[in-house]
Amino acid sequence: MLNLTGKNALVTGIANNRSIAWGIAQQLHQAGANLGITYLPDDRGKMEKKVAELVEPLNPSLFVPCNVQNDEQIQSTFAAIQEKWGRLDILIHCLAFANKDDLTGGFSQTSRAGFKTALEISTYSLVQLSGAAKPLMTEGGSIITLTYLGGVRAVPNYNVMGVAKAGLEASVRYLAAELGPQNIRVNAISAGPIRTLASSAVGGILDMIHHVEEVAPLRRTVTQQEVGNTAAFLSSDLASGITGQVLYVDAGYEIMGM
Ligand code: NAD
Ligand code: 0WE
């Protein structure tokens, strides 16, 4: 049985009840993990209230603001973990952002600023959070990030996010190589398209989902819960021999040629 009792897990990327991170947090909680949740703060405190209400049933012992563009917030997040828990076992990186204009039209028209934003938030943040987690993962650990097929194939309109995901998957390999001697495993889950806040803002996402439903071996898309189950597995000792990998949770879509 999958058992995460006694493990401390930090989950980033919950915005609402459709977030993939929410599916992951629920499965980690069910497996007995002690949860810390971060949220992206806004000026009005609306996000804080919304996410706090959502995660309340999971009894998080840590609930902190963490905008990954803000070094101080990252520092204070890990200072809080050090102080309250003393040790971190599981880090879930489940966030991405690109400007909306950069997710449509010609990739060659991507601006310098848009490229920088997408890679800073979606790619560099994994490197930075992992670096901050490293000294706290004193009994080994598991770091998990979320990626998408658009990082290895040219998916229409995914554009600069595809480049960010390619960099993210390469970062997984370099982090796995560096942190392996400390028994910290680093892996990515490549999820098929799921309707979330981020994906619903994308034009044509429903057509993409219908295409997957026709072509994928399982003839359907995947759920947040299925991604959460895979994250719980990768977090656990059942996955003790797996690091540096990209694991597809996509109803088999990635293997198809037509
Ligand atoms: P979502 O909108 O629920 O989650 C994205 C999260 O990123 C939000 O919680 C948001 O607050 C956070 N975020 C954005 N900018 C941030 C910043 N500067 N600092 C901290 N947090 C920030 O959407 P989602 O689909 O659940 O996305 C989660 C992850 O899953 C992303 O990495 C995404 O690329 C990946 N993914 C999504 C799909 C899909 O189809 N939905 C498929 C494969 C991979
Ligand atoms: O990684 C993602 C979503 C990434 C994303 C989405 C948005 C929309 C709103 C990043 N930044 C933003 N910025 C916004 O302003 N996915 C894997 C879902 C997704 O996004 C696509 C897809 C799929 C699938 C964009 C184009 C084409 C396909």
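One-based numbering, in listed order, for ligands and for the atoms of each.
- Listed by number with element, the atoms of ligand 2 under 4.0 angstrom from any heavy atom of Ser199 are 18 (C).
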**Study point:** Trace of the ring-ring contact (aromatic ring centres under 6.0 Å, His included) decision for Phe63 with Tyr39
**Key:** CA-CA 8 Å; Phe63 182 72; Tyr39 61 92; 4.7 Å; yes
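- Among protein heavy atoms, the minimum distance from atom 10 (C) of ligand 2 is reached at Ala98 N, 3.5 Å.
- Against a heavy-atom cut-off of under 4.0 Å, Asn157 is close to the following atoms of ligand 2: 26 (C).
- Between Arg173 and Glu169, no side-chain nitrogen of the basic residue sits less than 4.0 Å from a carboxylate oxygen of the acidic one, so the salt-bridge criterion is not met.
- For ligand 2, one of its N or O atoms has an N or O atom of Tyr158 under 3.5 Å away.
- Compare Leu95, Ile194, Val227 by their heavy atoms: the one nearest to atom 39 (C) of ligand 1 is in Ile194.
- Nearest protein neighbour of atom 35 (C) of ligand 1, counting heavy atoms only, is Leu146 CB, 3.8 Å.
- The closest protein non-hydrogen atom to atom 24 (P) of ligand 1 is Thr196 OG1, 3.5 Å.
- Distance from atom 6 (C) of ligand 1 to its nearest protein heavy atom, with residue and atom name: Gly13 O, 3.7 Å.
- In summary, the atoms of ligand 2 found under 4.0 Å from a heavy atom of Ala201, numbered by their order in the structure, are 8 (C), 9 (C).
- With hydrogens left out, the protein atom closest to atom 20 (C) of ligand 1 is Cys66 O, 3.3 Å, a heavy atom.
- Neither the backbone nor the side chain of Thr196 has a heavy atom within less than 4.0 Å of ligand 2.
- The shortest N or O to N or O distance between Ile20 and ligand 1 is below 3.5 Å.
- Only one option out of Ile74, Leu10, Thr38 pairs with Leu129 in a side chain to side chain contact (heavy atoms under 4.5 Å, CB included); it is Ile74.
- Between the side chains of Gln128 and Asp71, at least one donor N or O lies within less than 3.5 Å of an accepting N or O.
- With hydrogens left out, the protein atom closest to atom 3 (O) of ligand 1 is Ser19 OG, 2.6 Å, a heavy atom.
- Within a 6.0 Å sphere centred on CZ of Arg195, other residues, nucleotides and ligands contribute 12 heavy atoms or fewer.
- With atom 5 (C) of ligand 1 as the reference point, the heavy atom nearest to it among Ala15, Gly192, Cys94 is part of Cys94.
- Checked against a 3.5 angstrom limit, the closest N/O atoms of Asn67 and ligand 1 fall inside it.
- Atoms of ligand 2 found under 4.0 Å from any heavy atom of Ile205, numbered from 1 in the order shown, are 23 (C), 24 (C).
- Backbone and side-chain nitrogen or oxygen atoms of Arg18 are examined, and none is located within less than 3.5 angstrom of a nitrogen or oxygen of ligand 1.
- No hydrogens or angles considered: nothing links the side chains of Thr110 and Asp102 as a donor-acceptor pair under 3.5 Å.
- The part of Tyr148 lying near ligand 2 is the side chain, judged by heavy-atom distances below 4.0 Å.
- No N or O atom of Thr147 sits closer than 3.5 Å to an N or O atom of ligand 1.
- With ligand atoms numbered from 1 in the order given, ligand 2 contributes 24 (C), 28 (C) to contacts under 4.0 Å with heavy atoms of Met208.
- Val68 N, 3.0 Å is the protein heavy atom nearest to atom 19 (N) of ligand 1.
- Considering only non-hydrogen protein atoms, atom 16 (C) of ligand 1 sits nearest to Leu40 CD2, 3.8 Å.
- Note: no N/O pair closer than 3.5 Å links Asn16 and ligand 1 by distance alone.
- Within 6.0 Å of the CD atom in Gln30, the count of heavy atoms belonging to other residues, nucleotides or ligands does not exceed 12.
- When only interatomic distances are considered, the shortest N/O to N/O separation between Ala198 and ligand 1 falls below 3.5 Å.
- Under the 4.0 angstrom criterion for non-hydrogen atoms, Lys165 is in contact with ligand 1.
- When only interatomic distances are considered, the shortest N/O to N/O separation between Ala191 and ligand 1 does not fall below 3.5 Å.
- Counting only heavy atoms of the protein, atom 31 (C) of ligand 1 lies nearest to Ala96 CB, 3.7 Å.
- Tested against Ile194 for a side chain to side chain contact (heavy atoms under 4.5 Å, CB included), the candidates Ile20, Ile205, Asp250 yield a single pass: Ile20.
- Surrounding OH of Tyr174 are at most 12 heavy atoms belonging to other residues, nucleotides or ligands under 6.0 Å away.
- Of all the listed residues (Ala198, Gly203, Pro156), Pro156 holds the heavy atom that lies closest to atom 27 (C) of ligand 2.
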